[in-house]
Amino acid sequence: MSEGHTAILRLVGVGYRASVEERAGRTRYPGQKFLCLKLGYTHPVEVGVPEGVKVSTPQPTRVLIEGAEREAIMSFAGSVRLYRKPEPYKGKGIFINDETIKLKQKKIK
């Protein structure tokens, strides 16, 4: 276990983007970063990164979460996923690692 654990979040949807920023007055510990997500709401969603977890955005629609504890990484990824769960009709949402969903058909009269 020399390299640690990783999780990759995929943001699927028109206009969904992520960035990692520092916020001045909202930190819980020195040097805390925030994951800023634009998910179609009227405001950007800002999630504080917990200690021991490193977050980066290689692309605007991909979020790379790294750290030593797998449980901390996956619980953070799950809490971010709650803002936009994958929905089965259009296939939009936040997907963790290689998660896929089966798309449903529209109702036809």
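Note: hydrogens, waters and symmetry copies are ignored here, and every other heavy atom, side chains too, is used.
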What is the minimum heavy-atom distance between I65 and A77, and which atoms define it? CD1-CB, 4.0 Å
In this structure, CZ of R10 is separated from CG of D98 (nearest 0.5 Å) by 7.5 Å
Count I, L, V, M, F, W, Y as connected when their side-chain heavy atoms are under 4.5 Å apart, and connections chain through other members. Are Y89 and V12 then in the same cluster? no
List the steps, then state whether side chain to side chain contact (heavy atoms under 4.5 Å, CB included) holds for N97 with M74. CA-CA 10 Å; N97 291 334; M74 295 311 283; 4.1 Å; yes
Looking at A18 and L35, what are the two nearest heavy atoms and their distance? CB-CD1, 4.3 Å
Common cluster, L37/I96, ILVMFWY with side-chain heavy-atom separation under 4.5 Å: yes
On a heavy-atom basis, which atom in C36 and which in E46 lie closest, and how many Å separate them? SG-CG, 3.8 Å
Could you state whether Y83 and V53 fall into the same hydrophobic cluster, counting links through intermediate Ile, Leu, Val, Met, Phe, Trp or Tyr residues with side-chain heavy atoms under 4.5 angstrom apart? yes
Can you tell if the side chain of H5 reaches within under 4.5 Å of the side chain of E66, non-hydrogen atoms only? no
So does G93 get a backbone contact from the side chain of R81, meaning a donor-acceptor N/O pair under 3.5 Å? no
Could you measure the distance from the CZ atom of F76 to the CG atom of L9? Nearest 0.5 Å is fine. 8.0 Å
Look at the side-chain heavy atoms of Ile, Leu, Val, Met, Phe, Trp and Tyr, link any pair under 4.5 Å apart, and say whether F95 and I73 land in one connected group. no
Inspect the surroundings of CD in E21 and state if more than 12 heavy atoms from other residues, nucleotides or ligands are less than 6.0 Å away. yes
Between V63 and V80, is a side chain to side chain contact (heavy atoms under 4.5 Å, CB included) present by the stated rule, with each step listed? CA-CA 10 Å; V63 179; V80 170; over 6 Å; no
Looking at V49, is its backbone amide N or carbonyl O close enough to the side chain of Q32 to form a donor-acceptor pair, meaning the two atoms are under 3.5 Å apart? yes
Whether the side chain of R23 engages the backbone of F34 through a donor-acceptor N/O pair (distance < 3.5 Å, no angle test) should be reported. no
Does any non-hydrogen side-chain atom of R17 lie less than 4.5 Å from one of T57? no
Evaluate L11 against L39 for side chain to side chain contact (heavy atoms under 4.5 Å, CB included), listing each step before the verdict. CA-CA 9 Å; L11 279 63; L39 299 172; 4.1 Å; yes
Would you find more than 12 non-hydrogen atoms of other residues, nucleotides or ligands less than 6.0 Å from I8 atom CD1? no
To check you understand the geometry: which heavy-atom pair defines the closest contact between S56 and P58, and what is its length? O-CD, 3.6 Å
Do other residues, nucleotides or ligands put more than 12 heavy atoms under 6.0 Å from the CD atom of E69? no
How far does CD of E22 sit from OG1 of T27, to the nearest 0.5 angstrom? 9.0 Å
Shared hydrophobic cluster, Y41 / V47 (ILVMFWY, side-chain heavy atoms < 4.5 Å): yes
